[in-house]
Amino acid sequence: MSSVSFTLNDGTIVPGIGFGTGTALFGKDCAGQVKQAIDAGFVHLDGAQAYNNEESLSEGIKLSGKPRSELFIVTKLRPGALAEHVKPAFDASLKKLGVDFVDLFLVHCPIAMKAGDPQPDLPEVWHEVEAIHAQGLAKSIGVSNFRIPHLQAILPTAKVIPSVNQLEIHPYVWKTVEPIVKFGVENGNITAASYGGLTPIVRAAGGPLDPVLATVAERLTKEFGKPVSTGQVLSKWVLQKKIILVTTSSKEERLREYLQTAELPDLTEAEIAEIDTVGAKLHKRVFMKHVFDDTDPQ
Ligand SMILES: NC(=O)c1ccc[n+]([C@@H]2O[C@H](COP(=O)([O-])OP(=O)(O)OC[C@H]3O[C@@H](n4cnc5c(N)ncnc54)[C@H](OP(=O)(O)O)[C@@H]3O)[C@@H](O)[C@H]2O)c1
């Protein structure tokens with residue numbers, strides 16, 4: 001179990017570092033990798049209908065032998081689903097995952113994936129998600145990739161305020177995403193979760209943050225007495241902003257490194273401020289570009 005956790009607005013405690021079965025594992029059998037992640041200490045598993053691998057996520061859980069009660073299982077409504085699709089799609093997920101309930105069910109995306117496809121009616125979709133919550137089939141419910149207008153569309157009629165908004169969060173989008181995170185906190189204590197958090201080193205290496213991350217990693221290495229990587233600096237930056245970290249790796253050693261992040265000494269306020277400032281010099285969004293018009297990102 002990662003030794004960092006967050007308490008959601010419904011009182012649920014979420015293990016703060018999650019293992020995802022999307023991106024690198026999208027559409028792939030993830031059983032072996034899920035088992036490896038659980039063996040390494042992950043208990044928070046981030047799946048989605050769109051990843052098309054919920055059966056193998058279930059298989060990985062079985063292979064690990066970890067009791068259901070010790071796991072935090074997340075799935076997400078397939079992007080583009082309309083209100084009438086929510087319950088049948090959710091039931092199919094439960095079946096594929098081989099569980100009676102999920103710990104967190106997220107609306108993956110607020111709009112249709114392609115221009116011309118029917119747009120989901122967000123308040124109606126959310127009411128269907130609330131009905132699943134009311135039946136105890138999803139212990140917590142939330143959203144993903146919701147900008148401020150999408151949150152504003154559901155909040156006035158919501159009986160349950162979303163617990164989580166999972167977003168692409170790293171220093172190269174922080175300037176545009178911070179207002180969404182702040183809006184969530186101020187409008188019902190919605191906890192942000194980060195995906196794509198390693199983008200500055202994995203997908204945008206050579207950017208202005210490289211020397212800053214290297215300097216902080218060196219300072220932490222001295223203080224911790226063991227090597228601290230630039231990836232861990234980024235993960236620590238996410239966690240210190242009280243944001244859940246969702247990541248992934250095919251490598252056992254890196255999985256352990258991710259979990260160890262929680263034990264590292266904190267970044268100083270000055271280091272966080274420098275990462276924010278230098279990160280704002282480059283804008284690099286990788287995912288869900290059809291949702292985020294970065295000229296008007298909030
Ligand atoms: N809600 C959404 O719309 C959405 C969108 C995207 C992702 N997600 C979720 O978030 C999860 C994580 O997404 P992500 O892949 O974007 O996470 P990430 O934490 O930004 O990146 C993880 C990837 O970085 C690689 N990596 C880590 N350290 C590295 C290093 N030092 N050098 C080179 N490569 C390195 C890992 O590869 P190795 O295997 O080599 O370690 C892994 O594939 C997904 O699985 C999914 O569950 C959600």
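Remember, it's 1-based here, ligands and their atoms both numbered in the order they're listed. If you're wondering where the values come from, they're calculated on a predicted model, not measured in any experiment.
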Query - V164, V43, I244, V74 screened by side-chain contact (heavy atoms from CB on, under 4.5 Å) with V14, the one that passes - result: I244
Requested in this report: Using side-chain contact (heavy atoms from CB on, under 4.5 Å) as the criterion, point out the one residue from T191, D46, L104, V107 that pairs with Q166.
Outcome: D46
Report task. State, to 0.1 Å, how close F292 and R147 come at their nearest heavy-atom pair, and which atoms those are. Result -> CE2-CG, 3.4 Å
Requested in this report: Enter the distance from E84:CD to E128:CD here, rounded to the nearest 0.5 Å.
Outcome: 8.5 Å
Query raised in the report: N/O to N/O below 3.5 Å, does that happen between G22 and ligand 1?
Result: yes
Requested in this report: Can you measure from NZ (K281) to OH (Y172) and round to the nearest 0.5 angstrom?
Outcome: 10.0 Å
Query raised in the report: With backbone taken as N, CA, C and O and side chain as the heavy atoms from C-beta onward, which portion of V202 lies under 4.0 Å from ligand 1: side chain, backbone, both, or neither?
Result: side chain
Requested in this report: In plain terms, say whether K95 and D91 are close enough for a salt bridge, that is, a side-chain N and a carboxylate O under 4.0 Å apart.
Outcome: no
Query - D46 neighbourhood, listing ligand 1 atoms whose heavy-atom distance to it stays under 4.0 Å - result: 9 (C), 46 (C), 47 (O)
Query raised in the report: What are the atoms of ligand 1, with element, lying closer than 4.0 Å to any heavy atom of H108?
Result: 1 (N), 2 (C), 3 (O)
Query - Residue, atom name and distance, where the atom is the protein heavy atom closest to atom 27 (C) of ligand 1 - result: Y258 OH, 3.1 Å
Requested in this report: Identify whether the distance between the nearest side-chain nitrogen and carboxylate oxygen of K182 and E178 falls below 4.0 Å.
Outcome: no
Query - Nearest non-hydrogen protein atom, atom 44 (C) of ligand 1 - result: T23 OG1, 3.5 Å
Query raised in the report: Which residue supplies the protein heavy atom nearest to atom 21 (O) of ligand 1, what is that atom called, and how far is it?
Result: R203 NH2, 3.2 Å
Query raised in the report: Can you name the nearest heavy-atom pair linking G47 to L57, along with the distance?
Result: CA-CD2, 4.1 Å
Query - Closest non-hydrogen atom pair between V238 and S194, with its separation - result: CG1-CB, 3.8 Å
Query raised in the report: Which atoms from ligand 1 have a heavy atom of S250 less than 4.0 Å away?
Result: 38 (P), 39 (O), 40 (O), 41 (O)
**Report entry** Chi angles and distances behind the side-chain contact (heavy atoms from CB on, under 4.5 Å) call for F146, I190
**Finding:** CA-CA 11 Å; F146 271 44; I190 301 169; over 6 Å; no
Report task. Could you list the atoms of ligand 1 found under 4.0 angstrom from a heavy atom of F287? Result -> 6 (C), 16 (O)
Query raised in the report: Which bit of E168 is near ligand 1, meaning a heavy atom under 4.0 Å away: side chain, backbone, both or neither?
Result: neither
Query - Geometric N/O contact T248 with ligand 1, under 3.5 angstrom - result: no
Query - Atoms of ligand 1 close to M288 [distance to a heavy atom under 4.0 angstrom, numbered from 1] - result: 3 (O)
Report summary line: So for H170 against ligand 1, with non-hydrogen atoms under 4.0 Å, the contacting part is neither
Query raised in the report: Would you say G20 has any N or O atom under 3.5 Å from an N or O of ligand 1, going by distance alone?
Result: yes
Query raised in the report: What is the nearest protein non-hydrogen atom to atom 6 (C) of ligand 1, stated with its residue, atom name and distance?
Result: Y195 CD1, 3.2 Å
Query raised in the report: What protein heavy atom is closest to atom 11 (C) of ligand 1, reported as residue, atom name and distance in Å?
Result: V246 CG1, 3.7 Å
Query raised in the report: Side-chain donor-acceptor pair under 3.5 Å between E130 and H133, yes or no?
Result: no
Query raised in the report: Going by atom types alone, do Q260 and Q232 pair a side-chain donor with an acceptor below 3.5 Å?
Result: yes
Query raised in the report: Applying a strict 4.0 Å limit to heavy atoms, is F19 in contact with ligand 1?
Result: no
**Report entry** Short N or O distance, L198 and ligand 1, threshold 3.5 Å exclusive
**Finding:** yes
Query raised in the report: At what distance is the nearest protein heavy atom to atom 19 (O) of ligand 1, and which residue and atom is it?
Result: T247 OG1, 2.6 Å
Query raised in the report: Among the heavy atoms of G197, does any lie under 4.0 Å from an atom of ligand 1?
Result: yes
Query raised in the report: By number and element, which atoms of ligand 1 are closer than 4.0 Å to a non-hydrogen atom of N145?
Result: 1 (N), 2 (C), 3 (O)
Query raised in the report: What's the shortest distance from atom 46 (C) of ligand 1 to any protein heavy atom, and which residue and atom give it?
Result: Y51 OH, 3.3 Å
Report task. Look only at interatomic distance and state if Q166 has a nitrogen or oxygen under 3.5 Å from any nitrogen or oxygen of ligand 1. Result -> yes
Report summary line: Note: T21, heavy atoms under 4.0 Å from ligand 1, region reported as backbone
Query raised in the report: Do S140 and S163 meet the criterion of a side-chain donor-acceptor pair at a distance under 3.5 Å?
Result: no
Requested in this report: Work out which heavy atom in P171 is nearest to a heavy atom in L209; give both atom names and the distance.
Outcome: CB-CD1, 3.3 Å
Query - Candidate pair H150 and I180, rule side-chain contact (heavy atoms from CB on, under 4.5 Å), full reasoning - result: CA-CA 10 Å; H150 304 125; I180 307 174; over 6 Å; no
Query raised in the report: If you count the atoms of ligand 1 from 1 in the order shown, which ones are under 4.0 Å from a heavy atom of S144?
Result: 1 (N), 2 (C)
Report task. For ligand 1, indicate whether the residue S249 contacts it via side chain, backbone, both or neither (heavy-atom separation under 4.0 Å). Result -> both
Query raised in the report: Is the Lys NZ or Arg CZ of R68 less than 6.0 Å from the centre of F101's six-membered ring, within 45° of the axis?
Result: yes
Query raised in the report: Of all the heavy atoms in F26, does at least one lie under 4.0 Å from an atom in ligand 1?
Result: no
Query raised in the report: Can you tell which of K251, E252, E257, R254 gets a heavy atom nearest to atom 32 (N) of ligand 1?
Result: R254
